Amino acid sequence: MTIPAIEITGLSKSFGSDHKKNQALTDLSIVIQPGEVFGFLGPNGAGKSTTIKLLLHFLKPDSGSLRILGHTVGQDEFRHRIGYLSEFPFFYDHLTARETLLLSGRLSGMTRQAIDQRLPMLLEHMSLTEAADRRVGGFSKGMKQRLGMANALVHDPEVLIFDEPMSGLDPVGRHQIKGLIAELKQEGKTIFFSSHILSDIETLCNRIGIIHKGVLLYSGGLRDFLVAGVGLEESFVRIIEEANRASFA
Amino acid sequence: MQALRNIWFLALSTCTEGIRHRTLWAVVCLASLLTMANLGVTTLYSWDLGKVSVEFGLSAVAFTGLLLIFFLGMKILADDLERSRIFMLLSRPVSTWQYLTGKFLGLAMILLLATIILGLSAALSMRYVLWLYAAFVPPNFSWLTCIMALACQWLSLVVVLALSVLCFSFAKQPFVALLLAVCSYLVGQNMELLRRVVVENPQAGALAGQEQLVIALSWIFPNLSLFDKKYEAAYGMAFSGQEFVLLCLYAISYSALLLYLATLLFRHKEIA
Ligand SMILES: Nc1ncnc2c1ncn2[C@@H]1O[C@H](COP(=O)(O)OP(=O)(O)OP(=O)(O)O)[C@@H](O)[C@H]1O
Ligand SMILES: [Mg+2]
């Protein structure tokens with residue numbers, strides 16, 4: 001049996017102290033095999049970003065375990081093998097795009113030559129070639145998003161974790177990112193990404209997870225999820241409404 | 001090896017970021033003008049011109065350094081957290097201590113640069129005053145002592161910087177961190193005075209009989225007044241190399257300790 005790329009078991013996380021506790025995640029378990037593209041869906045405040053931050057050990061879990069490529073998160077060093085794009089990518093305003101990528105590459109343990117070889121291709125891919133030597137402070141939201149993408153891919157990681165990779169992009173940019181994800185899928189990378197945009201998930205993912213108020217409602221194949229005859233959107237709304245009704249009852 | 005490299009890259013990028021920041025140059029230009037104002041101020045005094053000029057120059061460096069730490073340095077540190085830039089760095093194989101040390105060294109480099117620029121402009125104005133009023137040049141005046149005093153000034157800034165990194169690593173809000181850092185700076189600045197008052201004077205009011213406490217405190221807070229060598233520089237008093245080395249060691253070990261504590265605290269912090 002192969003080692004799962006990402007393995008989350010019984011994960012719970014709450015914010016705040018006892019009397020004002022906010023349960024963000026409850027007993028969440030997901031397994032993602034290598035080479036899969038996993039779409040993580042859920043309404044606002046469902047706990048998508050929280051799960052991703054837990055995966056990167058920015059937050060510490062209350063209970064449960066997280067493993068990436070067979071290594072326990074927070075214990076072993078495997079971060080040079082994962083690429084991460086945050087929900088709101090921010091950079092040093094006074095560094096140029098090239099310098100930002102150089103810093104990231106070097107911090108991931110790449111040599112200068114390796115970075116120099118890879119940069120032109122990445123910048124070209126993200127249509128940032130012209131802006132490469134401009135300071136990031138002057139970038140638009142979409143440009144920052146694309147730089148964030150390049151930043152996540154600099155060290156050619158095996159596992160990619162994207163938090164809403166298409167947010168803030170125009171249709172052209174979104175199309176580009178979709179193409180990129182499809183390409184990465186071809187290369188056999190494991191991709192875990194969260195999104196609100198159902199149509200993107202529909203075209204890209206093998207498997208999806210649906211989370212609502214910190215509870216995983218569904219995890220499995222995309223095909224199996226789609227109720228016969230209705231699209232992803234319809235099925236998604238249906239399952240969320242059902243969960244809402246159940247919680248009121 | 002990779003650890004040292006990581007620290008170096010972080011320091012370098014922090015330094016670059018700081019150097020390209022407008023705040024730095026605004027403060028440095030203002031301070032250079034201030035040291036030039038030396039020329040005007042000193043002529044108001046009719047005695048001890050040399051002393052006034054030297055003290056004035058070194059004070060300008062100290063004051064600017066503090067401005068830079070509290071505004072530029074703390075801003076760079078706080079923005080890392082507030083604007084989640086830290087995610088970009090800590091999602092890579094960079095450990096907490098490497099991150100904090102890299103930031104610290106980068107900011108210390110900025111302070112060094114500012115100290116050198118201001119030191120030069122202060123030296124120019126001092127040179128001019130001393131040349132204009134040769135009669136007031138302190139008898140044993142030496143530029144070497146001045147440079148050593150300047151270096152001590154930088155060391156004390158480095159200690160304050162380490163203190164700010166520590167405050168920043170446990171405070172929930174950047175503003176609180178700033179406030180804490182300023183307070184500990186003020187305490188550190190007056191520690192030696194307090195210690196002397198209490199230890200040498202049996203009638204020291206509320207603190208009488210609390211010598212142990214005060215001595216303990218003077219070990220906890222940095223004894224910043226030790227680094228104040230304005231007086232020596234101004235009067236051209238002997239300032240031994242040995243004392244200088246001891247001060248360097250004190251600054252380095254104290255900062256290292258603070259950074260270590262900061263790492264321990266930072267590990268428990270959730271970044272979101
Ligand atoms: N740092 C934090 N402190 C307190 N509560 C938090 C924090 N981060 C998230 N939460 C809470 O956790 C829950 C999940 O938030 P999360 O950001 O994971 O949602 P999300 O699914 O990413 O939503 P969105 O689609 O809007 O990005 C929310 O109720 C939120 O209020
Ligand atoms: Mg989110």
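Quantities reported herein were computed from a predicted structural model and do not represent experimental measurements. Order of the sequence lines fixes the chain letters, A, B, ..., with proteins taken first and strands second; residue numbering starts at 1 for each chain.
A/His94 and B/His21 have tilted rings, their planes meeting at an angle from 30° to 60° on a 0 to 90° scale.
Contact annotation for B/Asp79: neither backbone nor side-chain heavy atoms come within less than 4.5 Å of a heavy atom of chain A. Heavy-atom distances place the side chain of A/Arg135, and not its backbone, under 4.5 Å from chain B. When heavy atoms are compared at a cutoff of 4.5 Å, B/Glu17 approaches chain A by way of both its backbone and its side chain. Only the side chain of A/His155 comes within contact range of chain B, with at least one heavy atom under 4.5 Å from a heavy atom of that chain.
Partners of A/His80 under the ring pair (Phe, Tyr, Trp, His ring centres under 6.0 Å) rule, at least two apart in sequence or in another chain, do not exist in this structure. Partners of A/Arg174 according to the side-chain hydrogen bond (donor to acceptor under 3.5 Å, both in side chains) rule, which considers only residues two or more places apart in sequence or in another chain, do not exist here.
For the pair A/Leu95 and B/Ser13, the minimum side-chain heavy-atom distance is below 4.5 Å.
Put simply, CZ on B/Phe87 and CZ on A/Phe88 are 10.0 Å apart, with the number rounded to the nearest 0.5 Å.
With a 6.0 Å radius and a threshold of 12 heavy atoms from other residues, nucleotides or ligands, A/Glu130 has its CD atom at or below the threshold. More than 12 non-hydrogen atoms from other residues, nucleotides or ligands lie less than 6.0 angstrom from OH of B/Tyr250. Other residues, nucleotides and ligands contribute at most 12 non-hydrogen atoms within 6.0 Å of the CD atom of B/Gln173. Enclosure of atom NZ in A/Lys178 by more than 12 non-hydrogen atoms of other residues, nucleotides or ligands within 6.0 angstrom is indicated.
Contacts of residues 118-128 of chain A with chain B at a heavy-atom distance below 4.5 Å are absent; not one residue qualifies. For residues 99-111 of chain A, the interface with chain B (any heavy-atom pair closer than 4.5 Å) comprises A/Glu99, A/Thr100, A/Leu103, A/Ser104, A/Arg106, A/Leu107, A/Ser108, A/Gly109, sorted by residue number.
Contact count against chain A (heavy-atom pairs under 4.5 Å) is highest for B/Met88 among B/Met88, B/Arg5, B/His268. Among A/Tyr84, A/Tyr92, A/Phe78, the residue with the largest count of heavy-atom pairs under 4.5 Å with chain B is A/Tyr92.
For the pair B/Arg92 (side chain) and A/Arg79 (backbone), a donor-acceptor distance under 3.5 Å is absent.
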